[in-house]
2 protein chains.
Amino acid sequence: MSKANTKTKILEAAEQLFAEQGFNNTSLRQITNEANVNLASVNYHFGSKKSLIQAVLARYLEIFMPILKHELDKVADSQISTEAIIQAFVPPLFELNKLGKQSAKHFTVMIGRGYSETQGHLRKFIVNEYGDVLAQIIELFSQALPKLTKQELFWRLHFSLGSLVFVMSSSGALEEIAMSDFFEQASTKTIVQKVVPYVAAGLTNQQGYTPNQFTDQIGGSL
Amino acid sequence: MSKANTKTKILEAAEQLFAEQGFNNTSLRQITNEANVNLASVNYHFGSKKSLIQAVLARYLEIFMPILKHELDKVADSQISTEAIIQAFVPPLFELNKLGKQSAKHFTVMIGRGYSETQGHLRKFIVNEYGDVLAQIIELFSQALPKLTKQELFWRLHFSLGSLVFVMSSSGALEEIAMSDFFEQASTKTIVQKVVPYVAAGLTNQQGYTPNQFTDQIGGSL
DNA sequence: GTCTATAGTCGGATAGAC
DNA sequence: GTCTATCCGACTATAGAC
């Protein structure tokens, strides 16, 4: 942390604070204090806070995406299954932890925050840079789940992303709720291990095939 | 909106902005501009921004919780099933829409934000006021899913909450992604209808019963 | 109860010395 | 590349007239 150069120190401090507090709620002053660098150095190295946000995420995407693509290609070349596609996300995610102890968690949380904060500029950045991989993900899931409409798949994939992102984002709060009572160290590994079968079940669920027909199903039986 | 008194106008404007932008990222100036009231009136009526946040949520909890409790009691008196418990959340949620067109969505999003923002003071407020109902929820799910350990249930319930909260929070972004291409008006009703079978599948999933045994499952088969 | 005015703090960004 | 000093805008909160 202290031996790295200024630019890296800023990136590392920003990553942690962005993940824990959000982009808007983290000040450049907090970041530079944590990184033990001068306030003005952020604008010198990155130009603006907005550019810093993109740089923090880009640092992880450059590692995550190529490995994900490689894993997805492997899936495409063998028997395509929902479970196999989900598992393809695990190696690239944990590869990030080589950069920092909690980088996989921070990355996940930042992806989630990209949906609700930053007025979409982070999302557009990702789509521009890695749109091909995103398209491949959709294509593979479509093949694994041929009965699902595009709409239904769209919703379920975002439910799945939400499951992971919410728990990662709230790990501090969840730790307080669970207390020492039962809380087997909410490591990223534990969470991922728990969420994989959960989302697999939701994605492959045979129920809910009533596209555009939302009348009285709510309140009735499933 | 305009005929209401100052206090209500503030609550309504605050609700919308808190849900859309988060608590920390919404200023009293934005709220009072939107509500067409004077800046100082917030502190006159609520004392502080923190108290305003609690007041906004309390307004919905006072409606939501009694109805939820009533629905849960009905479930407890009949055949307890996971599906029935999940459905118990639907009537109280939609009851909120009598206060405002998007109140159900706003309420859901604010509950989610309570986990990651506000340093837990919102969560503690809810636990203090409605801890009995929360305990009843856990108890009913435990009975409906007797094979799940407390830990496993804990994770799955939060995955489920995350699915709903994330999609509700990101509905603006999701609308942009889906475009006119396919996007059947992301009404709260649509989302709830989609998420109920999704979380039911995840909660009742028979796989993943390997508590405290996270060795090589990741990367292996499901 | 509602207003204006302002105190006091913190934010992002930059100029200019070194 | 790194620092100090500072601009300027936005924020919460409050004092005090009406």
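Because only heavy atoms are used, hydrogens play no part in the values below, and waters and symmetry mates are left out as well, while side chains stay in. Residue numbers begin at 1 in each chain, while the letters A, B, ... track the order of the sequences.
Judged by distance alone, with hydrogens and angles left aside, the side-chain atoms of B:S170 form no donor-acceptor pair with the main-chain N or O of B:A173 at under 3.5 Å.
Rounded to a whole Å, the CG atom of A:N38 is 6 Å from the P atom of D:dT4. In this structure, B:L39 places its CG atom 10 Å from C1' of D:dT14, rounding to the nearest Å. Rounding to whole angstrom units, CG of residue A:N24 and C1' of D:dC11 are separated by 14 Å. Across the protein-nucleic acid pair, B:N33 atom CG and D:dA10 atom P stand 12 Å apart, rounded to whole Å. The nearest whole Å value for the distance from the CZ atom in B:F46 to the P atom in D:dA13 is 13 Å.
Within the 4.0 angstrom heavy-atom criterion, no nucleotide atom of any strand lies near A:S41. Residue contacts for B:T32: at a heavy-atom cut-off of 4.0 Å it reaches no nucleic acid atom on any strand shown.
Contacts between chain A and DNA chain C, taken as any atom within less than 4.0 angstrom of a protein heavy atom, begin and end at C:dG11 to C:dT14.
Using a cutoff of 4.0 Å between basic side-chain nitrogens and carboxylate oxygens, B:E12 and B:K9 are not scored as salt-bridged. Ion pairing between a basic and an acidic side chain is recognised when a charged N comes within 4.0 Å of a carboxylate O; B:E95 and B:K98 show such pairing.
Place A:R29 and A:V37 on DNA chain D by their nearest nucleotides, and A:V37 ends up nearer the 5' end.
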Steps toward side-chain hydrogen bond (donor to acceptor under 3.5 Å, both in side chains) verdict (B:S116, A:S169): CA-CA 6 Å; B:S116 50; A:S169 308; over 6 Å; no

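Under the rule for a side chain to side chain contact (heavy atoms under 4.5 Å, CB included), the partners of B:E139 that lie at least two apart in sequence or sit in another chain are B:Q143.
Counting only residues at least two apart or on different chains, no ring-ring contact (aromatic ring centres under 6.0 Å, His included) pair has a member in residues 119-139 of chain A.
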